[in-house]
Amino acid sequence: MEFIATNFAPIMFAGLICFLLLGFPVAFSLGAAGLIFGFMGIEMGVFPSSVMAWLPQRLIGIMANDTLLAVPFFTLMGLILERSGMAEDLLDTVGQVFGPIRGGLALAVIFVGALLAATTGVVAASVISMGLISLPIMLRYGYDRPLSAGVIAASGTLAQIIPPSLVLILMADQLGKSVGDMYKGAFIPGFMLMGLYVLWVVLLAIFKPKMVPALPIEARIYREANGNGGYMSLAVVMGLSTIVAIFLAEHMPDLHTWWQGKEVLEVATDEKIVTAMCGGTFIAFVMASINRIFKLGLLSKLAERVTFVLIPPLLLIFLVLGTIFLGIATPTEGGAMGAMAALIMGFARGRLNMNLLTQALGSTTRLACFVMFIMIGATTFSLVFQAADGPKWVEHLLTGLPGGQVGFLIVVNIMIFFLAFFLDYFELSFIVVPLLGPVAEKMGIDLIWFGVLLAVNMQTSFMHPPFGFALFFLRSVAPDKQYVDKVTHKVIEPVTTMQIYKGAVPFVLIQLVMVGVLIAFPGIVTGALDKPVAVDVNKIDSQLQDQLNDAGGGYGADNPFGAPEGGEEGSSAPEAPKDGSQPAPDATAPNTGGYGSDDPAKALQESLNAAPAAK
């Protein structure tokens, strides 16, 4: 029994692993381990019985957490957009734009996956939508099967790292950081990961063109009467939009100075990107609207189609992410506005009815309850684990690793990678992250960067064979039997599970490369965050003394602090040193008050009284 009491924390953690391996649901495994070991610890005298009395308050705190309200809001927004046909229109349009080049359909899937990630934040919705729409087209025109499956699954998982991501909300909550800062930190890494996916497809198009054929001419439906594809018109619109966007990005400080009425020298990178993108999008929308209203015929069918299909999701991105990055709304408020905007867009398109809305609300409720139950179980477990000094055990275990911060990061990321074979990102966020966060903070690691790094690593949990959820989502919609294509009338062979697994492997490796890039260059994350404001306490103190001297030079009736102890009303106050330096205190004076005192007025008086001794 003494051995158990001495090693209570590691035994408790091992007990949780046993519960999970036995196949119990994660939420109930966490709760059961917490309660069982809680009562064992009380009986063995490891911690007092009052520990369990704190549990109800901790559970009430979960339900009162405003930050977690963003989870159902963003989930509802994503499900409504998925059911309103936005993904179908995006894939159809972007596929027509990139179709004439080798790998164009795969590139279209990646770009649409990024757009869906920035508007929905739900992996399941993205993967299922693209699997239903894009996979049959890619199979129809001879794309490599493993590549088709891999690119769809990987593009869907971008919803986990590109804001507004659900995992970033949970990560911020567990690390005690701002969701807005976590979004800002993940913005650039998310689109860098998309760029690596694009690079992989481009390399395949160059070196293995048979794997990624171009779309045949008969499949390109947005063509002019003379057979022209209309790309010149689209290039002009994109060129003008890009010029406006670059102009806005370069002159953002000037715009802030004009808007705020005070000089602004620097603007965050993420804010520049969002504002520039919205400005360029607005110009494109104005041009396309004028062309359609006045029937000028200046834009091609393709240019008009691209403009009007891309505007709604980009507008939604600005509404949600733009208001969060600009500080206009909190993530919870941004999620609420996004959900309401998605409802309006869905009904305006005529594709959303009460039946689909009921399905979306039901799915949102199930996911929100799933998250809440896991949080309740995780809170129960962590309360008992902390009472048994479990964090100290984890800290001693990890801080003793060779290599300092780098060694810690390597071991942690390897551990997360292998745990992701068996646990999804919800479970990793609630079980592992609360144990690692305090250790990382004590080692001087920025928690925003640490959270984004773990989020990129945990993204692999969706792609790991054999338990990756994105692979399961794709398997549920991929054809498992032969069928006759309705366009080409050819017999299409089914997509096997092994082909899906094989296609996922290259993209898992790309995600691991991104983890290494973030470790090597942390500025990719931290450079997007607001710079901390440096405060010179000595300068503020000198300015305060100067203001008191200018007000009358003493502690008369006009002085709000009153007369000093042992002094008289109206006695003159000593002048501050001419060079603005801090006066030295009287070494013979008793240490009562001063800058550590609970009474700031008394502290300031005694500081000023000490000035004659310095002279």
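By convention here, the first residue in the shown sequence is residue 1.
- Within 6.0 Å of CH2 in W200 there are 12 or fewer heavy atoms belonging to other residues, nucleotides or ligands.
- Under a cut-off of 6.0 angstrom, the local environment of CZ in F13 is sparse, with at most 12 non-hydrogen atoms contributed by other residues, nucleotides or ligands.
- For F373, the CZ atom sits in a loose shell: 12 or fewer heavy atoms of surrounding residues, nucleotides or ligands are nearer than 6.0 Å.
- Summarising the local packing, CD of Q405 is surrounded by more than 12 heavy atoms from other residues, nucleotides or ligands at distances under 6.0 Å.
- Shortest non-hydrogen contact noted between G185 and V452 is C-CG2, 3.9 Å.
- The side-chain contact (heavy atoms from CB on, under 4.5 Å) with L428 is formed by just one residue from the set L419, V433, N457; it is L419.
- The environment of CZ in F191 is crowded: more than 12 heavy-atom neighbours from other residues, nucleotides or ligands sit within 6.0 Å.
- For the pair L116 and M130, the tightest heavy-atom approach, listed with the atom from each and the gap, is CD1-CG, 4.3 Å.
- The minimum heavy-atom distance linking A339 with L76 is given by the pair CB-CD2, 4.3 Å.
- Applying the 6.0 Å contact sphere to CE of M340 captures no more than 12 heavy atoms from other residues, nucleotides or ligands.
- Side-chain atoms of F462 and V127, non-hydrogen and from C-beta on, never get closer than 4.5 Å to each other.
- Side-chain atoms of T257 never come within 3.5 Å of backbone atoms of E263 as a donor-acceptor pair (strictly under, hydrogens ignored).
- Using modelled atom types, no side-chain atom of S155 and backbone atom of I152 make a donor-acceptor pair closer than 3.5 Å.
- Without hydrogens or angle criteria, E441 side chain to L447 main chain gives no donor-acceptor distance under 3.5 Å.
- Counting all heavy atoms, side chain and backbone alike, G390 lies closest to A9 at CA-CB, 3.6 Å.
- Going from atom CE of M194 over to atom CG of L115 covers 8.5 Å, rounded to the nearest 0.5 Å.
- Between F187 and Y183, the gap from one ring centroid to the other reaches at least 6.0 Å.
- The minimum heavy-atom distance between F37 and F8, with the atom names listed, is O-CZ, 3.0 Å.
- For K442, the salt bridge (charged side-chain N to carboxylate O under 4.0 Å, His left out) partners at least two apart in sequence or on another chain are E395.
- Here the side chain of E333 pairs a donor or acceptor atom with the backbone of T330 at under 3.5 angstrom.
- Between A153 and L471, the closest heavy-atom pair is CB-CD2, 4.1 Å.
- A donor-acceptor contact shorter than 3.5 Å is absent between the side chain of S363 and the backbone of A360.
- With hydrogens and angles ignored, the 3.5 Å screen pairs no side-chain donor or acceptor of D389 with any backbone N or O of K392.
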